[in-house]
Every structure is written in C-alpha cells, then in structure tokens.
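Working notes, structure below.
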Amino acid sequence: MDWLSIFQNSFTQMVGVAAVVYCLAALGLNIQFGYAGLLNFGQAGFAAIGAYAVAVLVVTAGWPLWLAILMGVVGAIIFGLLLGVPTLRLRADYLAIVTIAAAEIVRQVARSVTLNDYLGGSDGITGKYAADWYALNPFDGFEWFIFRFSKNDLWVVINGWILVAIVALITWLLMRSPWGRVLKGIREDEDAVRSLGKNVYLYKMQALILGGVIGALAGVIFAMAAQSVQPDNYSTTLTFYVYVIVILGGAARVFGPIVGAMIFWFLLVFISEVLNNAVRGGFISSDILSTDQIGQVRFMLVGLGLMLLMIFRPQGIFGDKKELALDER
Amino acid sequence: MSAESTDSRQQAAAAKQVLAGVDPVPGVAKPDAIFRGDSIQRSFGGLVAVDVAHLEIQRNTITALIGPNGAGKTTFFNVITGFDPPNAGTWEFEGHSLARKPAYRVARDGMVRTFQLTKVLSKLTVLENMRLGAQDQRGEGLFSALVPGVWRRQERENTERALELLKKFNLTHVKDEFAGALSGGQRKLLEMARAMMANPTMLMLDEPMAGVNPALTQSLLEHIKELREEGLTIFFIEHDMDMVRDVSDWVVVMAQGSVIAEGSPGHVMRDQVVIDAYLGAHHDVALTESGESLTRKADA
C-alpha cells in the first residue's frame, strides 16, 4: 500500500478543481434549498448554461472570455425567470418537477444532432478558450507534503477558491440581513410572511436566480478548468451530488457547502484509492473485487456513510440539532 | 396619560355610542365604515362557502364575527385578505378597493390578519419573528441588504419596538428561543404581537383565544381593548361567547355563508334567528316523542 500517494491524491482532490466546482454549485443550491426552501433539482442545468456560454461564445463565436462569462450569468438569469414565472406561485413540488425536466432539456438540446455545428453534440466542445486567462498564471506547479497541483490546476484552484470566498461572504452578508430573514421566513411558512406584507413571489424569484447564477459560475469554472464541455457532465447526477454536499455540510449554513464539498471529494477519492491499492497489492482478492468495479463500490460506500450520517447526525456537520427537533413537534 | 390617548378613549366611547343608534339588521350601513364589502361570493364546487350581500365595519370598534362551524367565517377572512380568490364581489378599505389585490398588498394597506392554525416561523427566534413584521424595511432589498450601514439603525428601532410589544404580550423571557419551541398559547400571543409589528389599521384575528389559558385570556382581552383605545379597528372570529360579550362593540353572525344577523352583543344573543342557527330551529322541541315513535316502529 502506497499511503503517501493515497493521501496525496485524496487531499489534493479535497481542495481540487472538482471540489471547487461542486462547492460553488452547492453554495448556490444552499441559497435556494437551504435558506428559501426552494426545491431546485435543476442546478445541473444552470451549470450547463454557464459552461456552454463560455465554450460556444469563445470557440464558435470568437468573443472575449469575460464577455462570454457575463453572457453565462445573463443566461442563468433568463433560465431562472423561465423556471420561476410559471412555478413559484404554485406549491413547492411543482418547482422540483419543472426544474429537473428543464435541466434535462438543456442537456438534451446540448447533445442534439441538429445543433451539432454549434454545440458539438454529445462530444461537446474542446478548444483553448481560456488560453489568455491561463497565460496570466504567474505560478509553476505546487508540491508540498500531501498537496500536489499541476501548473494549470493550481491557477484554477486559486481563482476558484477566491470566488468561493467571495460568494460565501455575500451569502453571509445577505443571510444576516432583513432580506435573509424574509427568505428564511418563506422557508418556514410563506403564508405567514405574505400576511406581514412581503412580496413572497419576488423573494423566491430573487433566491432562485441568485442561486442559479452561482450555479452557472460553477459551470464556467468547470469549462475553463477542463478547456472543454461535454453535455453528459451536466446530467441530474451532478444535481444530486450537489444536494448530498449541501445536506452533508448542513443546510442553511454558510460554511456547510464548503466543508461538504471537501469531505465529499476527499471520501470519494480516498475510498477508491485505498481499494485500488488494496486490490493491486493483493490485500483484497480479485475474486471479490476487481479494479474496474471500484468506481461503483466507492459510491456505495459513500452512500452508506451518508445513511449513517442521517441516522446519527441528521442536521449535517454544521447544523443545529435543536432546530431539527422543532420539526418533530 | 397623554392628551392623545384620552382623545382616542373618547373616540372609542363615541364610536360605541354611534353604534347604539345603528339598526341591528344584516347589512346595515355604519356612520363611519372603514370596510365595505358587496356581494362577496366564494364557492368550492357546488358548495357556496361565502355569500355576503353587504357588510360594513365601523372604524375604531371591536367587531366580532361569530357563527356555527362551517359558516364560512374563515373563508370570508381569507377572501377579503387576498389569500383566497373570490368568485365575485367588491370590497374597499378606507375608501380604496382591495378586491383581487394580492395578500401582501392588503397587509401593506393596513389590513393585517392572524391565522386560526397559528403560523409561527419555527426556526426563527421569537425576536426575529417580530422583526419580520416591521414594514418598509430598507434592508429587505437584495442589494441594500449587502450594506449593513443602510439598515442597521432602522433595525435597532424595530428591535426596540419588538421588545416593547413582547413585554406587553408576556413573551420577553422567551425572546431568544426558537418560535417552534413555544406552547400553543404562546404561539397565539406571538402571532398577534407580530401582526402588531406591521402597524395595522385594522387587525383581523382568527380565533385569538383558542388554546390560550383562562388567566392569559383575561390579559389578552385587556390588550385588545387597549388596541381599540390606540385607534385600531379590530375584527375577530371567536367561538367563546363570554369573550364576545365582554369585548365586542358589535357582533356579526354568519351561517351557511351569509350574514344572518348583526347588532350589539346583547341584541344578537337574544335574536331568534341566531339561536336557531346555532342550536337548530327545533332545539326547544322535545326529542322524546320522535324517539318513542322510533322504538314503537321497531317493536311493530
């Protein structure tokens, strides 16, 4: 067993590119689901819009990167309006149904044969669209004890975590303000909030769009890190992992999604690294587990871990048990 | 006592006197009505839940809305506060129409209600529940919320007012608890105090006393009377007749969706129509006769 390499990979991925992307998507979802109680199951759709805006506008249309990112944000706002206008007046579950379908529509459109010339079909778009941005990178790679990043990854990760810090700061400022109080009130009982003269519909729309824009930024980072977009990266699985991260960290907590994303990616990588090493080193007989089954088994084990968490710490890492007890009254 | 409060006290007494001259018939016009409703209808499928031809509520009085279960009292509340769309009807509050306005606009215009099944915001503290009630908060905009300097002073003022109200409603000791941890009676109190935070002109209470212990009921009644003296109009649904008699200046009786009687508490409680509606038209006919005939049939 090569423990140094196991820990190196696990800890690097804990703060790596994927963790940044999922963390941003989870910060957005936390505003919608954690604070406002909106069941948005289309976070993958928002991320896809951000990613494709960057890829299409830079590679196909030749726009500058910053303008493409801005259009990604505008796209997320329009997507949020499209989802919110018909559903936010209705009961919460309608939003869930509409968002999960809308996100799938976005993915299916992205991989459609008809739009192959513009969106690249199921292969997506690959191109050096963030070359100028990578050229700004003053750092070489980074290696210290258990952390190891390539030159490009390091640049993505540094910028990504700065963005995470900014988003978390904005969330913190908002949620201690009267605006955040209205949002939390809506989560508890929207009729009560309405009876106190607050335009509930407007607040729900703002929360949906704000969380969606943050989700689109996750997609932007994803596209810039990989220098490519593939439609199947934005399937409902992404949304569900993001939910796992929010619940793992503790919903309606500013640091919940950040710690949740770190733990999620650490566990995922750690489990598969340990199993890989164990199988290759002969500690686990290949009759029981082969290396190509590890990809599935790690999700089973993470799932098991989540079940245990829900049983013994249902409020998540940062949650308050006292709050949760109120639901049972 | 300030001159202002004696003024309003006289106002209240005057209002009561004016009502003494009003004819106790359903749909009668009041001299200074704050609320006027016309042919308000709401039906669910074939069931006509509300069908109020005309109703006026006198300003600065306590008006009770009573009636047997299923009379449509709560539905009427829901309709006029914008929580339930009517099938037909118009109504105005302080001279401007509120018909088909969304609930939050109705509340902003000064008609603030509470709910029969209390709606406290469980995972917010009692104090946060109160602060939420305040109107025109600068920090409730998405962008101004990001700059605490914009709203901090107003927040402090709202907190002071909230603490005063909590003291009045005996909730100071639980101000930092989650509202979900309160007892049923305390929740009723919190909901009423929170509605007061919204600075209503007319406070609409849906069964404010249900589940509140008798000692507290007395102090709540005093609060309600005080609110009238502060110039508020109160319109409330209640089943407890003792309370209705004690506190209200005027009583409106609903049955099967319509207003069947209104008048002073004393008048309404002697009204044959009201007694029939509550107890059934044949409540004073002995049941034994029909009972006997049933047994006789069974024997035969």
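Labels below follow one simple rule: chain letters A, B, ... track the order of the sequence lines, proteins then strands, and each chain is numbered from 1.
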Structural part of B:Glu128 lying under 4.5 Å from a heavy atom of chain A: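 Both backbone and side chain of B:Glu128 come within 4.5 Å of chain A.
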At a 4.5 Å cut-off on heavy atoms, which part of B:Arg131 comes close to chain A: side chain, backbone, both, or neither?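 Both parts, backbone and side chain.
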[X] versus [Y], closest heavy-atom pair with distance:
| X | Y | answer |
| --- | --- | --- |
| A:Gly185 | B:Leu121 | O-CD2, 3.5 Å |
| B:Lys119 | A:Asp191 | CE-CB, 3.9 Å |
| B:Pro148 | A:Arg176 | CG-NH1, 3.8 Å |
| A:Ala192 | B:Phe115 | CA-CE1, 4.2 Å |

Quick check: does any side chain N or O of [X] sit under 3.5 Å from a backbone N or O of [Y], one acting as donor and the other as acceptor?
| X | Y | value |
| --- | --- | --- |
| A:Lys198 | B:Leu132 | yes |
| B:Gln135 | A:Leu196 | yes |
| A:Arg194 | B:Tyr104 | no |

Just do the side chain to side chain contact (heavy atoms under 4.5 Å, CB included) check on A:Arg181 and B:Leu124 with the steps written out, would you? CA-CA 8 Å; A:Arg181 182 164 59 219; B:Leu124 268 59; 4.2 Å; yes
Does atom [atom1] ([X]) have a neighbourhood of more than 12 heavy atoms from anything else shown, all under 6.0 Å?
| X | atom1 | answer |
| --- | --- | --- |
| A:Phe255 | CZ | no |
| B:Phe44 | CZ | yes |
| A:Asp93 | CG | yes |

Among [options], single out the residue with the greatest number of heavy-atom pairs under 4.5 Å to chain A.
| options | result |
| --- | --- |
| B:Gly141, B:Pro102, B:Gly82 | B:Gly141 |
| B:Gly133, B:Ala195, B:Ala198, B:Ser144 | B:Gly133 |
| B:Pro200, B:Ala107, B:Gly139 | B:Gly139 |
| B:Met197, B:Arg194, B:Glu140 | B:Glu140 |
| B:Met111, B:Glu191, B:Glu155, B:Arg152 | B:Glu155 |

Check each atom of [X] against the heavy atoms of chain B and say whether the ones under 4.5 Å are side chain, backbone, both or neither.
| X | answer |
| --- | --- |
| A:Tyr203 | side chain |
| A:Arg187 | side chain |
| A:Ile170 | both |

Output, in order, the C-alpha distance, side-chain angles, deciding distance and verdict of side chain to side chain contact (heavy atoms under 4.5 Å, CB included) for B:Val147 and A:Leu173. CA-CA 8 Å; B:Val147 193; A:Leu173 280 172; over 6 Å; no
About how many Å separate [atom2] of [Y] and [atom1] of [X], when rounded to the nearest 0.5 Å?
| X | Y | atom1 | atom2 | result |
| --- | --- | --- | --- | --- |
| B:Trp151 | A:Trp179 | CH2 | CH2 | 13.0 Å |
| B:Leu142 | A:Leu210 | CG | CG | 6.0 Å |
| A:Glu188 | B:Asn129 | CD | CG | 9.0 Å |

Looking at A:Ser177, A:Ser195, A:Pro178, which makes the most heavy-atom pairs under 4.5 Å with chain B?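 Looking at each of A:Ser177, A:Ser195, A:Pro178 in turn, A:Pro178 comes out on top.
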